Amino acid sequence: MESSSYAPKIAERAWDPSIEQHLSDEWTKEGLYRLDLNKKGRIFSIDTPPPYPSGRPWHIGAAAHYSQIDMIARTARMRGYNTYFPIGIDRNGLPVEIYTEKKYGVSIRSTPRDRFTDLCRTALDELESEMLQIMKLMGLSSDFERYYRTDSDEYRALTQATFIKMWNEGIIYEAKRPNNYCSACGTTIADAEVIYEDLPTQLVHVAFKVEETGQTLTIATTRPELLCSCQAVIVHPDDERYKALHHLHTTTPIFNGRVEIIPNLSAKMEYGSGAVMICSYGDYTDVLLFRELKLKETVAIDENGRMTSVAGSYAGLKVKAARETIIKDLTERGLVEKVETISHRTPMCERSRTQIEIIPMTEYYLKQLNTVPKIQRSAKTMIFHPESHRQILLNWVNSISIDWPISRRRFYGTEVPIWLCDKCGSPYLPPPDRYYKPWKENPPIQACPKCGGNSFTGDKRTLDTWMDSSISPLFISKYQRDDAFFKRIYPTTLRPQAKDIVRTWLYYTLLRCQMLTGKAPFRHAWIMGHGVDEKGERMSKSKGNVIDPLPVLKKHGADAFRFWAASEASLGSDFRCSEERIDAARRFITKLWNLSRFISSFPQPKKAVLAPSDKWLLAELSKLVKKSLEGYRDFNFFIPSNLIREFVWNTFAAHYVEMAKGRAYGTGFTKSQQQAAWYTLHTGLKTILLLLSPITPFSTDFVWRQIYGGRSISFARFPRPAWNTRFSVKTEKILEFNSTVWNTKKSKGQSLKEPIHIEIPEELKDFAQDLKAMHNIQQ
RNA sequence: GGGGGAGUGGUCUAGUGGCUAUGACGGCGCCCUUACACGGCGCAGAUCGCGGGUUCGACUCCCGUCUCCCCCA
């Protein structure tokens with residue numbers, strides 16, 4: 001029989017990623033992306049994170065993240081779920097404001113609010129379109145025709161409606177409290193938005209005088225500029241050095257304030273001199289002590305990060321300059337005993353990376369402490385992928401001790417829906433039925449319900465963007481907009497997200513949805529690690545090591561990119577981004593492509609009388625399917641991707657195909673034996689294509705249609721591990737024997753088709769016919 | 001200071017009590033064998049962070065220790 005009679009159905013010698021776009025369009029036509037509630041099957045709904053377009057390029061790690069979220073959706077479909085995979089774009093908040101200021105060279109404080117928010121919107125539209133393009137290129141099987149924006153009237157109206165509901169229930173209140181304040185951003189921020197960095201800081205040992213005894217009391221501080229607001233000095237009650245000084249007084253240098261020396265357990269004996277000055281406010285301990293000791297608060301730093309009038313001659317200086325100046329002044333007066341440089345855990349604004357200050361501000365707060373026990377409970381009952389990441393949430397939940405400040409002094413966000421009556425000052429909240437902009441609109445009433453006054457001032461503040469993001473499960477399930485839909489979708493099945501926003505997005509969503517609906521918003525939390533550069537360092541624009549995903553996707557194709565994303569690191573671990581390794585993934589796509597091309601040249605028989613080699617391959621295949629499905633059930637794509645690559649390359653192609661090739665071509669075998677080889681090759685290929693399709697949907701779908709025809713492979717179900725695994729006991733022996741033959745020929749400098757005289761081991765006698773043909777064994 | 005995680009060939013990684021530790025990338029050598037040179041075969045390369053203990057047996061369990069990462073104070 002001539003080999004030309006077996007023409008492959010696939011002509012090209014390698015997968016061409018330019019076909020991917022065409023397939024994407026096919027999927028849209030076939031309705032893969034759409035949720036049809038009339039369809040049978042349990043619903044699997046994904047609370048997809050709406051990505052934030054804060055600037056270009058988009059992070060390659062984020063692209064890897066979204067490609068894996070898509071694998072979750074495709075896995076759910078292939079497990080038979082009716083899958084709801086919405087997609088939105090998060091467009092509220094600070095990063096776009098900063099991006100806009102830079103891009104258009106304007107300042108938020110000196111640009112009219114309307115004009116500034118328009119510029120933000122324009123910037124977002126641009127960034128968003130690139131982001132959508134990338135997501136489509138990656139093969140994200142979301143319904144893009146219905147994508148949502150968190151800055152749409154509909155979304156913001158829902159955020160405001162939930163605010164109004166919580167206000168009316170007394171969960172939201174206004175108060176003046178010391179808060180984390182970022183002077184660069186000009187706004188209060190929540191604890192969750194504070195990060196800590198260990199920075200070298202000068203610890204200054206300052207000589208105080210004890211009023212009653214005249215002796216010197218040394219106080220070590222990293223914040224000498226706050227001397228002006230010092231209201232007490234504390235020492236540890238057990239500290240022998242200071243027992244005689246309890247409740248005496250000391251004079252603060254330069255400012256000559258008179259403060260008490262108070263024994264308190266917060267003082268650490270081993271830190272500095274063991275005596276600590278308490279100022280408003282150096283850190284969170286100061287806040288607690290001011291409350292505990294009922295001290296008089298002095299505001300030493302203003303909203304612009306400058307010293308206030310209480311700082312005397314230092315007024316107007318920026319904090320850092322004031323610190324340097326006061327150290328100089330203290331030194332000149334001989335009051336500095338020593339200055340040591342220490343590493344200090346410094347609170348920074350997560351967004352702008354500036355040091356935050358604690359400043360008393362009037363803000364709206366959401367009462368969260370009562371609900372924390374409920375969140376602790378759901379943190380324990382929710383299913384985490386990976387399980388180990390449950391701890392990140394628990395750590396955070398267990399550390400919450402104050403309410404959540406939710407108002408921000410910014411422009412591009414959802415407006416606080418409150419007007420104040422100019423006459424009586426009482427707040428007015430409108431009915432929760434539309435999107436309100438109090439800073440530019442009149443309230444929907446003529447007269448104040450309290451006093452009848454007819455003029456109002458709208459609140460100018462916006463809400464913390466997490467107030468918007470934390471209701472994403474409610475938005476996508478059409479909460480308060482479509483009851484029937486809401487009942488089918490909520491609570492959602494799974495929340496996928498990155499590790500670094502557990503304490504914000506994950507926590508706040510649990511909190512808000514629990515408060516609003518009395519239920520946890522999802523059953524599974526899927527937590528991914530983040531992408532770092534080739535050397536394992538965090539990618540950042542300032543380091544210049546950010547990799548743009550767009551050219552990588554165009555060059556290597558989505559399937560290679562996705563396979564890389566799946567196989568690079570186990571779920572939840574951080575992963576390194578290296579183009580070299582993405583290219584290695586592409587070579588696997590090519591390998592599978594060519595294997596498919598080979599198999600595509602043979603007909604596909606309906607049944608066959610299997611040879612031992614065939615049974616062996618199917619036994620190994622069964623094991624592969626079983627283990628891969630276990631990985632898919634945990635949505636850990638690292639497991640199936642690596643197992644499948646291993647199987648395809650090192651078992652199927654290297655051993656089985658070579659063993660069965662002679663039979664498949666038919667030379668020296670019966671028709672029935674040949675059919676068995678064909679049958680097994682196709683069974684193996686189909687199984688692999690199905691098993692791999694959530695990870696590499698494009699090339700598997702193309703091959704599937706080319707060889708087996710019909711609709712997209714994405715509408716099919718996963719294969720079952722249906723074959724007897726008895727023959728697996730032979731695996732090791734087969735691999736070893738083949739290797740021996742290859743080595744023998746090699747050591748003689750022979751070509752692989754040379755005849756060889758070698759004894760086939762007893763255990764492999766069943767496989768003798770295939771092995772003889774494979775190695776050209778003469779006996 | 002407390003908590004969590006991790007340390008396996010040059011790099012990344014599998015393996016959680018059992019024979020000579022998995023695979024990938026890179027390196028080197030040989031080979032165009034009718035799916036694939038984007039390939040095949042092979043070679044080199046790890047005393048599994050360090051020290052102790054439990055055990056017939058430890059990369060795997062326990063204790064200590066060092067280093068790195070994350071979270072909290």
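Proteins get letters first, then strands, A, B, ... in listed order; numbering begins at 1 in each. Predicted model only: the values in this text are computed from it and were never measured.
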[X] [atom1] to [N] [atom2]: how many Å, rounded?
{"X": "Trp564(A)", "N": "rU11(B)", "atom1": "CH2", "atom2": "P", "result": "20 Å"}
{"X": "His530(A)", "N": "rC70(B)", "atom1": "NE2", "atom2": "P", "result": "8 Å"}
{"X": "Gln750(A)", "N": "rC41(B)", "atom1": "CD", "atom2": "P", "result": "18 Å"}
{"X": "Glu193(A)", "N": "rC71(B)", "atom1": "CD", "atom2": "P", "result": "15 Å"}
{"X": "Ile756(A)", "N": "rU33(B)", "atom1": "CD1", "atom2": "P", "result": "18 Å"}
{"X": "Gln391(A)", "N": "rC71(B)", "atom1": "CD", "atom2": "P", "result": "14 Å"}
{"X": "Asn395(A)", "N": "rG3(B)", "atom1": "CG", "atom2": "C1'", "result": "6 Å"}

Between [M] and [N] - [atom1] atom distance, rounded Å:
{"N": "rC48(B)", "M": "rU8(B)", "atom1": "P", "answer": "11 Å"}
{"N": "rG23(B)", "M": "rG45(B)", "atom1": "P", "answer": "16 Å"}
{"N": "rC50(B)", "M": "rC30(B)", "atom1": "C1'", "answer": "42 Å"}
{"N": "rG26(B)", "M": "rG15(B)", "atom1": "C1'", "answer": "23 Å"}
{"N": "rG10(B)", "M": "rG5(B)", "atom1": "C1'", "answer": "25 Å"}

With a non-hydrogen cut-off below 4.0 angstrom, is [X] in contact with a base, only sugar-phosphate, or nothing?
{"X": "Lys499(A)", "answer": "nothing"}
{"X": "Ala569(A)", "answer": "nothing"}
{"X": "Phe652(A)", "answer": "nothing"}
{"X": "Arg576(A)", "answer": "sugar-phosphate"}
{"X": "Ser739(A)", "answer": "sugar-phosphate"}
{"X": "Glu658(A)", "answer": "base"}

Quiz item: Do Arg597(A) and rC36(B) have a side chain to base donor-acceptor pair shorter than 3.5 Å?
Solution: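 A donor-acceptor contact between them is absent.
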
Report the base-pairing partner of [N] (Watson-Crick or G-U wobble, both distances below 3.5 angstrom), or none.
{"N": "rC36(B)", "answer": "none"}
{"N": "rC43(B)", "answer": "rG27(B)"}
{"N": "rC59(B)", "answer": "none"}
{"N": "rC48(B)", "answer": "none"}
{"N": "rG17(B)", "answer": "none"}

So does [X] pair up with [Y], basic N to acidic O under 4.0 Å?
{"X": "Arg633(A)", "Y": "Glu630(A)", "result": "no"}
{"X": "Arg503(A)", "Y": "Asp191(A)", "result": "no"}
{"X": "Glu357(A)", "Y": "Arg223(A)", "result": "yes"}

Is any side-chain heavy atom of [X] less than 4.5 Å from a side-chain heavy atom of [Y]?
{"X": "Cys349(A)", "Y": "Val194(A)", "value": "no"}
{"X": "Val502(A)", "Y": "Trp396(A)", "value": "no"}
{"X": "Arg495(A)", "Y": "Trp505(A)", "value": "yes"}

Residues 677-694 of chain A vs salt bridge (charged side-chain N to carboxylate O under 4.0 Å, His left out), sequence neighbours excluded, gives none

Which pairs would a plain distance check flag for residues 634-641 of chain A, meaning a side-chain donor or acceptor within less than 3.5 Å of a matching protein atom at least two apart in sequence or in another chain?
{"residue": "Asp634(A)", "atom": "OD1", "partner": "His385(A)", "partner atom": "ND1", "Å": "2.5"}
{"residue": "Asn636(A)", "atom": "OD1", "partner": "Leu571(A)", "partner atom": "N", "Å": "3.3"}
{"residue": "Asn636(A)", "atom": "OD1", "partner": "Phe638(A)", "partner atom": "N", "Å": "3.3"}
{"residue": "Asn636(A)", "atom": "ND2", "partner": "Ser570(A)", "partner atom": "OG", "Å": "3.2"}
{"residue": "Ser641(A)", "atom": "OG", "partner": "Phe637(A)", "partner atom": "O", "Å": "2.7"}
{"residue": "Ser641(A)", "atom": "OG", "partner": "Phe638(A)", "partner atom": "O", "Å": "3.1"}

*Want to settle it: does Asp574(A) or Phe598(A) sit nearer the 5' end of RNA chain B, counting the closest nucleotide to each?*
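Closest to the 5' end, via its nearest nucleotide, is Phe598(A).
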
Taking for His655(A) and for Ser570(A) the nucleotide of RNA chain B with the nearest heavy atom, the one nearer the 5' end belongs to Ser570(A)

For a quick test of reading the model: is some side-chain N or O of Arg13(A) closer than 4.0 Å to OP1 or OP2 of rC36(B)?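 Checking Arg13(A) against rC36(B): at least one side-chain N or O falls below 4.0 Å of OP1 or OP2.
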
Sorted by number, residues from residues 588-596 of chain A placing a heavy atom under 4.0 Å from RNA chain B are Thr590(A), Lys591(A), Asn594(A), Leu595(A)

_For Lys627(A), give me all partners under salt bridge (charged side-chain N to carboxylate O under 4.0 Å, His left out), at least two apart in sequence or on another chain._
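Salt bridge (charged side-chain N to carboxylate O under 4.0 Å, His left out) check on Lys627(A) returns nothing, list empty.
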
Across all chains, not counting sequence neighbours, the salt bridge (charged side-chain N to carboxylate O under 4.0 Å, His left out) partners of Arg241(A) are Asp239(A)

If you measure from CZ on Arg597(A) to CD1 on Ile707(A), what distance do you get to the nearest 0.5 Å?
->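 CD1 of Ile707(A) is found 11.5 Å from CZ of Arg597(A).
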
Could you list all N or O pairs between the protein and nucleotides 21-32 of chain B that sit under 3.5 Å apart?
{"residue": "rG23(B)", "atom": "O2'", "partner": "Glu646(A)", "partner atom": "OE1", "Å": "3.3"}
{"residue": "rG26(B)", "atom": "OP1", "partner": "Arg587(A)", "partner atom": "NH2", "Å": "3.4"}
{"residue": "rG29(B)", "atom": "N2", "partner": "Lys746(A)", "partner atom": "NZ", "Å": "2.6"}
{"residue": "rC30(B)", "atom": "O2", "partner": "Lys746(A)", "partner atom": "NZ", "Å": "3.2"}

